[in-house]
Amino acid sequence: MKQGKLIVFSAPSGTGKTTIIRKLMETDAYKLQFSVSATNRSMRTGEAHGRDYFYLSTEEFKAKVEANDFLEWEEVYPDRFYGTLKSETEKQISVGFNMAFDIDVSGGFEIKKQYGFQALLVFVKPPSLEALAERLRKRGTDSDTDIQTRLAKAERELAVADRYDVVVVNDILETTIAEMHNIMRTFLFEPEED
Ligand code: 5GP
């Protein structure tokens, strides 16, 4: 069976990336499975174990690092670890599913290094940093300190966004989603050039 492909979505938090991924997953023809990462951060209201993340203790996370269970992992924020589990990805792509990853840019570069043309890196940009700050404040799920940390990380990520395969600015959601469908169709269905 033909192996599945990997589509990595990276974006500063608050950019609307989760909404975009959820929307794309509604298209059955993409055979898209969401890669559920592991993290030691606490669960936010509305999140579920096994759907949004596998929530682990710091000890459990570190044991998995030791056991080489991660395809890639990062200390995304100080003492906050996030990682993609090897077993899950391999299992799904081996039976022909395509995988959607919601991970940061270092994770994205690592996936590209391991999977090459089988992986597509998509960066979703906010219209501006001001718009992003506003969205994070409105979301109300993060403390002021967390918001500052996230904005600082956003600046660092935006600086390397042009090393991604595709960069999409999420200004008007419907337009972004239409653009994303074109990108998905090209990557998943068009024959690869030699
Ligand atoms: P949040 O705490 O807002 O859910 O996620 C924080 C950041 O961690 C986001 O930028 C998200 O893309 C990133 N992230 C989530 N899972 C992973 C992962 O498995 N690996 C890496 N490298 N980053 C991740």
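Ligands are counted one by one from 1 in listed order, and the atoms in each one are counted from 1 as well.
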Item to check | Any F9 heavy atom less than 4.0 Å from ligand 1 | outcome: no
Checklist entry - Can you list the ligand 1 atoms lying under 4.0 Å from a non-hydrogen atom of K17? => result 12 (O)
Next on the checklist: Listing request: all side-chain hydrogen bond (donor to acceptor under 3.5 Å, both in side chains) pairs with a residue in residues 26-37, at least two apart in sequence or in separate chains.
Outcome noted: K23-E26, Y30-H181
Checklist entry - Is any NZ, NE, NH1 or NH2 atom of the basic residue among D142 and R137 found under 4.0 Å from an Asp or Glu carboxylate oxygen of the other? => result no
Checklist entry - Counting heavy atoms only, which part of R150 comes closer than 4.0 Å to ligand 1: side chain, backbone, both or neither? => result side chain
Next on the checklist: Check this for me: does any side-chain nitrogen of one of R80 and E74 sit under 4.0 Å from a carboxylate oxygen of the other?
Outcome noted: no
Checklist entry - Under 4.0 Å from any heavy atom of G107, which atoms of ligand 1 are there? => result 22 (N)
Checklist outcome for this item: heavy-atom search around atom 20 (N) of ligand 1 in the protein gives E72 OE2, 2.7 Å
Checklist entry - Does E157 reach ligand 1, in the sense of a heavy atom lying below 4.0 Å from it? => result no
Item to check | Under-4.0 Å salt bridge between D52 and R44 | outcome: no
Checklist entry - Is the closest basic N to carboxylate O distance between D171 and K125 below 4.0 Å? => result no
Item to check | Atoms in ligand 1 with a heavy atom of R41 nearer than 4.0 Å | outcome: 1 (P), 2 (O), 4 (O)
Checklist outcome for this item: So the atoms of ligand 1 within less than 4.0 Å of a heavy atom of E74 turn out to be 22 (N)
Checklist entry - For ligand 1, which atoms sit closer than 4.0 Å to a heavy atom of V76? => result 7 (C), 8 (O), 23 (N)
Item to check | atom 5 (O) of ligand 1: the protein heavy-atom neighbour that sits closest, reported with distance to 0.1 Å | outcome: Y53 OH, 3.3 Å
Checklist entry - Counting only heavy atoms, which portion of F101 has something under 4.0 Å from ligand 1: side chain, backbone, both, or neither? => result neither
Checklist entry - Do any heavy atoms of E110 fall under 4.0 Å from ligand 1? => result no
Item to check | Heavy-atom nearest neighbour in the protein, as seen from atom 2 (O) of ligand 1, with distance rounded to 0.1 Å | outcome: Y82 OH, 2.6 Å
Item to check | Contact check, side chains of F70 and F61, non-hydrogen atoms, under 4.5 Å | outcome: yes
Item to check | Working for side chain to side chain donor-acceptor pair (under 3.5 Å), residues S42 and Y55 | outcome: CA-CA 7 Å; S42 44; Y55 300 89; over 6 Å; no
Checklist entry - Step by step, would you call N40 with T58 a side chain to side chain donor-acceptor pair (under 3.5 Å)? => result CA-CA 5 Å; N40 71 337; T58 306; 3.2 Å; yes
Next on the checklist: Heavy-atom distances under 4.0 Å decide this one: backbone, side chain, both or neither, for W73 against ligand 1?
Outcome noted: neither
Next on the checklist: Check for me whether G83 has a heavy atom closer than 4.0 Å to any atom of ligand 1.
Outcome noted: yes
Checklist entry - Could E59 and K62 be called an ion pair, given the rule that one side-chain N must be under 4.0 Å from one carboxylate O? => result no
Checklist entry - For ligand 1, which atoms have a heavy atom of R44 less than 4.0 angstrom away? => result 1 (P), 2 (O), 3 (O)
Item to check | Whether Y77 and Y82 hold their rings parallel, tilted or perpendicular, with breakpoints at 30° and 60° | outcome: perpendicular
Checklist outcome for this item: The answer for which part of E75 has a heavy atom under 4.0 Å from ligand 1 is neither
Checklist entry - Under the criterion side-chain contact (heavy atoms from CB on, under 4.5 Å), which of L121, V124, L120, T186 is the partner of V166? => result L120
Checklist entry - Should I103 and I93 be counted in the same cluster of Ile, Leu, Val, Met, Phe, Trp and Tyr side chains packed under 4.5 Å apart? => result yes
Checklist outcome for this item: Honestly, for D104 the part within reach of ligand 1 (heavy atoms, under 4.0 Å) is both
Next on the checklist: I want to know if ligand 1 touches S37 in the polar sense, i.e. an N/O pair below 3.5 angstrom.
Outcome noted: yes
Checklist entry - Where on D102 is there a heavy atom closer than 4.0 Å to ligand 1, on the side chain, on the backbone, on both, or on neither? => result both
Next on the checklist: Could you check whether T15 and N170, counting side-chain N and O atoms only, form a donor-acceptor pair closer than 3.5 Å?
Outcome noted: no
Item to check | ligand 1 contact on R80 by region, counting heavy-atom pairs under 4.0 Å | outcome: neither
